[in-house]
There are 2 protein chains.
Amino acid sequence: MNLKELSRILGLSQTTVSRALNGYPEVSAATRERVQAAARQHNYSPNARAKGLATGRAYAIGHVIPSSDSHEIVNPIFGDFIAGAGETYARRGYDMVLTVVDDAEVERAFRAYKVKGNVDGTILHGPLLNDPRIYLLRDIGLPFAVHGRASEVPGDYTWLDVNNRRAFQRATDFLLDLGHRRIALINGLEAMDFAVRRRQGFEDALTARGIPPIPALHRSAEMTEGLGFRFASEMLDGPAPPTAFLVSSFISALGVRRAVLDRGLKLGRDVSIITHDDVLSYMTNGEDEPIFTATRSSVREAGRLLAGMLIDRIEGVTGDTQKMLECDLVLGASTGPAPR
Amino acid sequence: MNLKELSRILGLSQTTVSRALNGYPEVSAATRERVQAAARQHNYSPNARAKGLATGRAYAIGHVIPSSDSHEIVNPIFGDFIAGAGETYARRGYDMVLTVVDDAEVERAFRAYKVKGNVDGTILHGPLLNDPRIYLLRDIGLPFAVHGRASEVPGDYTWLDVNNRRAFQRATDFLLDLGHRRIALINGLEAMDFAVRRRQGFEDALTARGIPPIPALHRSAEMTEGLGFRFASEMLDGPAPPTAFLVSSFISALGVRRAVLDRGLKLGRDVSIITHDDVLSYMTNGEDEPIFTATRSSVREAGRLLAGMLIDRIEGVTGDTQKMLECDLVLGASTGPAPR
DNA sequence: GACCGCCTTCAAAGCGCTTTCAAAGTGCGG
DNA sequence: CCGCACTTTGAAAGCGCTTTGAAGGCGGTC
């Protein structure tokens with residue numbers, strides 16, 4: 001069933017039927033009613049490609065996912081983010097296009113979006129401090145929104161971020177209040193903007209009390225369970241082990257936890273852990289009582305919101321162009337006073 | 001830059017340019033060369049919508065992801081699967097379209113694919129025993145490929161599956177050989193085909209030795225860390241705790257492990273665990289020595305393969321229409337002889 | 001009764017590509 | 001030197017939609 005057939009059935013022109021369906025004001029109420037009923041009855045839905053061709057729009061948002069074997073962004077966090085974004089897309093009539101490419105192909109992928117016209121805009125994941133992709137997207141004129149921020153990129157752009165600095169400052173203060181002085185930081189890759197901000201928050205809190213950070217207790221890497229385990233193991237087996245860990249991801253924290261338990265230590269008594277918790281659907285931080293004390297912010301909600309901001313921008317609707325989310329600090333069983 | 005401009009620049013008709021670029025045989029080698037060079041130089045790439053409209057093809061594959069709050073398929077396993085599928089799509093010039101909808105909207109979403117024509121086919125995730133979506137897709141005539149199988153659906157269709165039954169039979173045998181008799185099964189939802197097959201494999205092995213399964217040591221649910229923890233806790237605290245766990249997912253297994261360690265028990269000595277391992281990029285089963293003894297099969301590779309099978313089918317290329325993957329059984333530190 | 005303005009509808013062009021059908025050019029045998 | 005087959009190129013139609021510009025119908029006004 002296409003427009004032509006439908007209009008023939010109705011004895012109307014394609015023009016009128018199209019306008020009736022798209023809510024233009026110049027069709028009479030009676031005609032509109034009739035057209036809509038017929039469309040429903042014959043299960044008519046406009047062909048997306050033809051509509052796109054005629055309007056110059058794709059009604060789709062693209063996500064480029066770099067996926068070399070070294071650096072994978074196809075992680076559970078990303079999964080939850082797109083679940084949230086996908087809800088918004090569905091609600092507002094957009095498709096979500098995912099493009100998985102090798103690191104080296106990312107630029108080409110964005111250019112292809114523009115040139116092929118298969119998406120109206122894109123969401124940028126995992127921004128670096130001075131992320132070249134932002135310059136690229138500005139340059140080629142593809143609308144975009146950033147999940148996070150890029151501190152060193154000048155100028156304005158649409159973003160949504162968590163107040164990482166504040167969150168980690170609060171978390172560190174909390175540990176300090178409990179008497180911890182040897183606090184380890186297991187951070188994400190500090191080429192990433194969020195990781196730098198978290199470290200800043202961590203250091204802000206230490207500095208405020210005149211406590212120097214301990215280089216041996218600092219790691220920055222991909223946030224996997226395995227690396228969390230390894231880093232924590234190294235530190236715990238070292239000459240001056242930490243009494244507390246501040247961890248950038250729930251997944252790493254599971255690894256840290258494994259290292260702690262493996263050594264027969266008790267969480268919240270011998271060693272404390274605070275982690276950032278993205279509220280992943282498949283790895284909730286406990287059901288009643290949280291496993292970990294955590295700075296919490298739902299990445300799924302972030303997906304919902306940012307997708308909406310991007311679509312607003314594409315459709316010329318005015319709305320927030322920047323948005324900062326504050327974290328909750330939730331108390332779990334993984335923290336306690338520093339052992340003495 | 002579009003076809004018209006490019007052909008004007010070249011002093012050729014759109015016809016010839018189009019043919020040259022699409023590899024039709026009736027253009028001379030010299031012309032083709034010249035056209036391709038010009039296309040490259042002017043960074044020409046055909047508009048996807050126009051191409052789609054003209055060919056009736058979308059050059060895209062859709063994935064419908066149900067996402068109510070109760071049953072979430074947006075899980076890490078899915079993430080790795082689409083990472084693999086995405087690689088194939090990119091290589092073969094396809095886009096990946098993701099549609100996140102409420103459970104109740106799944107049928108509508110598939111119908112929309114067909115009617116809007118925004119994808120050429122779809123991949124079906126998490127098939128049930130007698131999955132209604134298969135009938136639906138056959139009915140509306142949208143090409144599809146199934147990740148897994150639906151045992152109770154008659155007739156032929158394209159699928160790729162892991163030999164779940166065999167894998168779990170071998171795993172169970174392995175535990176039995178170690179002397180375990182009270183073996184718990186922490187399975188996925190047994191409305192899902194794979195979960196039923198795994199239970200069959202488990203029961204096959206027990207039956208072969210005349211050992212009855214123990215209902216109190218059987219669970220079937222969403223495969224989250226939290227539920228793994230809860231189920232294992234219940235069993236370990238029960239009157240007759242298991243000496244070994246057979247777990248359907250690495251994520252659940254982490255929960256089981258947590259329950260075991262929380263009780264001061266030692267893995268591989270007091271309690272054994274075997275899990276299925278989908279080789280998730282963000283949660284590898286240890287680096288040198290595996291954390292868990294596991295039945296292993298890469299879901300990412302499955303994504304790569306199945307995407308290829310679907311595209312073959314869409315393009316009319318002959319290839320495998322069904323494919324069965326065997327699991328490795330890898331030995332880790334989580335298993336040992338049954339305590340006596 | 002002629003004229004004006006408004007409401008409603010329509011014919012047709014155009015979006016950027018593919019593909020059919022026709023025509024022009026080329027080489028070769030008779 | 002003609003005719004034929006073959007190679008190479010082009011004009012134009014068509015994919016299904018939106019949108020411009022024009023026109024028909026109608027009531028109200030002078």
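Side chains are part of it too, since the values below use all heavy atoms of this structure and drop only hydrogens, waters and symmetry mates. Each chain gets a letter, A, B and so on, in the order the sequences are listed, and its residues count up from 1.
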Nearest to the side chain of [X] - [options]?
| X | options | value |
| --- | --- | --- |
| Y44(B) | dT20(D), dC17(C), dG16(D) | dC17(C) |
| T55(A) | dG16(D), dT18(D), dT9(C) | dT18(D) |
| S13(A) | dC10(C), dT8(C), dT9(D) | dC10(C) |
| E26(B) | dG16(C), dT8(D), dT18(D) | dT8(D) |
| A54(B) | dC15(D), dT8(D), dC10(C) | dC15(D) |
| P46(A) | dT18(C), dT8(D), dC17(D) | dC17(D) |
| T16(B) | dT18(D), dT18(C), dT9(D) | dT9(D) |

Between [atom2] of [N] and [atom1] of [X], the distance in whole Å:
| X | N | atom1 | atom2 | value |
| --- | --- | --- | --- | --- |
| L21(A) | dC17(D) | CG | P | 10 Å |
| L6(A) | dC17(D) | CG | P | 9 Å |
| R32(A) | dT8(C) | CZ | P | 10 Å |
| L53(B) | dT18(C) | CG | C1' | 10 Å |
| L3(A) | dC10(C) | CG | P | 13 Å |
| R34(B) | dT8(D) | CZ | P | 14 Å |
| R57(A) | dT19(D) | CZ | P | 11 Å |
| L12(B) | dT8(D) | CG | P | 14 Å |

Phosphate-side-chain proximity, [X] and [N], N/O vs OP1/OP2 below 4.0 Å:
| X | N | value |
| --- | --- | --- |
| Y24(B) | dT18(C) | no |
| N2(B) | dC15(C) | no |
| T31(A) | dT9(C) | yes |

So, does the side chain of R19(B) form a donor-acceptor pair with the base of dG10(D) at under 3.5 Å?
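Answer yes: a donor N or O sits under 3.5 Å from an acceptor.
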Taking only Lys NZ, Arg NE, NH1 and NH2, and the carboxylate oxygens of Asp or Glu, determine whether [X] and [Y] approach each other closer than 4.0 Å.
| X | Y | answer |
| --- | --- | --- |
| R92(A) | D312(A) | yes |
| D95(B) | K116(A) | yes |
| E107(B) | R111(B) | yes |

Both T15(B) and A50(B) contact DNA chain D. Which one's nearest nucleotide lies toward the 5' end?
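Counting from the 5' end, the first nearest nucleotide belongs to T15(B).
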Within 45° of the six-membered ring axis of Y59(B) and under 6.0 Å from that ring's centre, is NZ or CZ of R57(B) located there?
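Yes, cation above the ring, under 6.0 Å and within 45°.
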Among D161(B), D131(B), D193(B), whose side chain to side chain donor-acceptor pair (under 3.5 Å) with R149(B) holds?
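Only one of D161(B), D131(B), D193(B) forms a side chain to side chain donor-acceptor pair (under 3.5 Å) with R149(B), namely D161(B).
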